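Everything below concerns the one structure shown next.
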Protein chains: 2
Amino acid sequence: MATGRTHRPATRSRGIPEATVARLPLYLRALTALSERSVPTVSSEELAAAAGVNSAKLRKDFSYLGSYGTRGVGYDVEYLVYQISRELGLTQDWPVVIVGIGNLGAALANYGGFASRGFRVAALIDADPAMAGKPVAGIPVQHTDDLEKIIKDNGVSIGVIATPAGAAQQVCDRLVAAGVTSILNFAPTVLSVPDGVDVRKVDLSIELQILAFHEQRKAGEEAEAVLEAEAAAAKEIREGPDGDVPAVMPA
Amino acid sequence: MATGRTHRPATRSRGIPEATVARLPLYLRALTALSERSVPTVSSEELAAAAGVNSAKLRKDFSYLGSYGTRGVGYDVEYLVYQISRELGLTQDWPVVIVGIGNLGAALANYGGFASRGFRVAALIDADPAMAGKPVAGIPVQHTDDLEKIIKDNGVSIGVIATPAGAAQQVCDRLVAAGVTSILNFAPTVLSVPDGVDVRKVDLSIELQILAFHEQRKAGEEAEAVLEAEAAAAKEIREGPDGDVPAVMPA
DNA sequence: CCATCTTTGTGCATGCATTCACAAAGACAT
DNA sequence: ATGTCTTTGTGAATGCATGCACAAAGATGG
């Protein structure tokens with residue numbers, strides 16, 4: 001048995017790099033915008049600019065999907081929209097459940113970006129009995145007790161967890177046991193799942209912390225630059241304006 | 001002038017890889033949990049398990065911060081919490097503004113993970129005059145007109161954009177002009193900013209699309225496995241149970 | 001039908017990240 | 001003290017991603 005690298009001529013080869021997959025939605029969004037403006041074709045350069053990436057990277061990304069461009073012209077917008085949608089699996093209907101209808105869960109339920117991309121919110125689930133029946137984004141909230149039945153009745157394979165951290169693992173276990181194989185986790189916890197189940201996490205505070213790191217670094221460099229400038233100025237005063245002297249350390 | 005790699009003995013060296021920075025908040029969270037349970041020390045193996053990463057990776061990550069472990073024992077939890085916090089810049093106060101107080105903005109304002117990490121929501125800003133003055137998460141919403149003044153009065157350097165896509169770039173421009181140098185963008189748009197300004201984006205629908213891709217791949221592999229099994233069975237029937245025949249293609 | 005010009009698709013080089021595997025460091029018992 | 005045992009910190013190997021730079025492809029005009 002060969003290790004199976006690109007054994008398929010030009011059809012959907014299995015070896016699309018993760019980094020590329022992560023960018024496809026970005027391209028898709030830019031292409032959709034072009035499509036709405038009835039732009040017929042787009043060059044890699046233009047599309048790359050719209051998506052905020054390097055054009056060589058974009059071309060390489062597309063090359064994993066097949067040769068969908070025309071040299072000298074560019075890419076057909078509609079065709080590319082279709083190809084990327086198909087590759088991402090957006091041409092089919094994905095029923096999704098959201099568990100945990102607090103502020104965030106409600107925001108997600110109302111988020112327009114889901115419905116417009118083939119994702120259908122099949123159910124909203126919350127552990128609070130007082131929430132049961134109350135409509136959020138036009139969908140009545142159901143109680144956690146019915147989680148398993150809801151998953152099975154709707155053929156749900158993607159679950160979104162927006163519960164407090166403490167409840168997340170337990171909810172996750174129940175989702176997986178009921179047949180969910182992909183989970184989007186907004187709770188600030190590391191979820192453990194069996195093989196074959198995908199988890200992606202979105203952590204609001206982690207992103208801020210990364211920003212803070214860079215922010216601090218910027219401030220630090222500025223301060224350092226100031227210090228260096230001051231030191232240079234002081235040196236200037238001590239040594240006169242030529243300054244290339246093997247200086248003796250002041251005490 | 002040297003290229004400046006690790007020119008400082010053990011202090012905060014500037015060359016911490018991005019990938020490591022992105023994991024520090026993860027470690028910090030795991031360590032905080034241990035700290036709350038009054039665990040004094042932790043080995044790289046244990047902590048790595050809690051953070052959901054490889055232990056060698058964790059040790060290498062920590063090695064960029066300095067030698068904070070004790071061989072044969074592990075890491076001192078409290079000390080490490082402090083060191084990582086300091087490295088990430090969480091020992092100082094970061095006033096943050098949230099622009100766009102819809103469902104998501106409100107969820108962010110209410111999100112506990114910010115306040116507990118040195119982030120202080122200094123102001124909530126929305127373009128809707130009807131929102132002005134209305135308290136969300138105990139903080140009165142202010143109108144966009146006052147954006148510049150709010151930024152300056154509070155010394156805000158981090159802004160969170162939770163507006164619709166159409167308004168994001170404009171808000172971003174105003175934030176940057178007013179002095180914000182780090183932006184966390186929840187709007188599904190590519191923001192363009194001048195050099196020196198950091199942007200991180202969180203896109204809810206992109207994450208779902210990536211999950212859908214893998215979900216489809218799983219389904220496809222299953223179907224393929226079934227097909228292969230069927231093919232093998234058919235072959236078995238045609239050729240008998242040894243099967244290692246240089247088969248002639250059927251027409 | 002040929003020449004020119006644009007734009008794709010990709011081989012190659014470079015750099016970053018991950019993982020392995022082990023020597024050095026220290027705790028702890030005897 | 002000395003030896004054993006655990007766990008860190010890191011060199012080295014591998015793999016993945018990025019971006020350059022260019023040949024091949026095709027459109028377009030004469």
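Protein chains get the first letters and strands the later ones, always in sequence-line order, with residue 1 at the start of each. Computed from a predicted structure; not experimentally measured.
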For the side chain of Trp94(A) and the backbone of Ser157(A), is there at least one donor-acceptor N/O pair under 3.5 Å apart?
no
Under 4.5 Å between any side-chain heavy atoms of Thr181(A) and Glu215(B), yes or no?
yes
Specify the residue among Thr20(A) and Ser63(B) whose closest nucleotide of DNA chain D lies further upstream toward the 5′ end.
Ser63(B)
With hydrogens left out and only the distance checked, is there a donor-acceptor pair under 3.5 Å joining Lys60(B)'s side chain and the base of dT19(C)?
yes
Return the value, rounded to whole Å, for the distance between atom CD of Glu45(A) and atom C1' of dC20(D).
13 Å
Separation of dC16(D) atom P from Lys57(B) atom NZ, nearest Å, is 13 Å
Assess, by modelled atom type and distance only, whether the side chains of Asp61(A) and Thr20(A) contain a donor and an acceptor separated by less than 3.5 Å.
yes
Calculate the interatomic distance between Glu18(B) atom CD and dC16(D) atom P; express it in whole Å.
21 Å
Regarding Tyr79(A) and Gln83(A), do their side chains bring together a donor and an acceptor under 3.5 Å, going by distance alone?
yes
Please give, in whole Å, the distance from dT8(C) P to Asp61(A) CG?
14 Å
Return the value, rounded to whole Å, for the distance between atom CG of Asn54(A) and atom C1' of dT14(C).
14 Å
Given atom CG of Leu47(B) and atom P of dG9(D), what is their separation to the nearest angstrom?
12 Å
Of Ile183(B), Ile98(B), Val97(B), which is the lone residue that meets side chain to side chain contact (heavy atoms under 4.5 Å, CB included) with Val160(B)?
Ile98(B)
Do the side-chain N and O atoms of Arg117(B) and Ser205(A) include a donor-acceptor pair separated by under 3.5 angstrom?
no
Donor-acceptor check, side chain of Ser43(A) to backbone of Glu46(A), threshold 3.5 angstrom: yes or no?
yes
Distance check needed: dT7(C) P versus Phe62(A) CZ, whole Å only.
16 Å
Has Ser44(A) got a side-chain N or O lying under 4.0 Å from the OP1 or OP2 atom of dT7(C)?
no
Phosphate-side-chain proximity, Tyr75(B) and dG9(D), N/O vs OP1/OP2 below 4.0 Å
yes
So, is Ser43(A) near the phosphate of dT7(C), with a side-chain N or O under 4.0 Å from OP1 or OP2?
no
Nearest whole angstrom, please: distance from the C1' of dT7(D) to the OH of Tyr68(B).
19 Å
Anything under 3.5 Å between a protein N or O and an N or O of nucleotides 21-23 of chain C, put it in a table, one pair a line.
{"unit_1": "dA21(C)", "atom_1": "N6", "unit_2": "Arg59(B)", "atom_2": "NH2", "d": "3.4"}

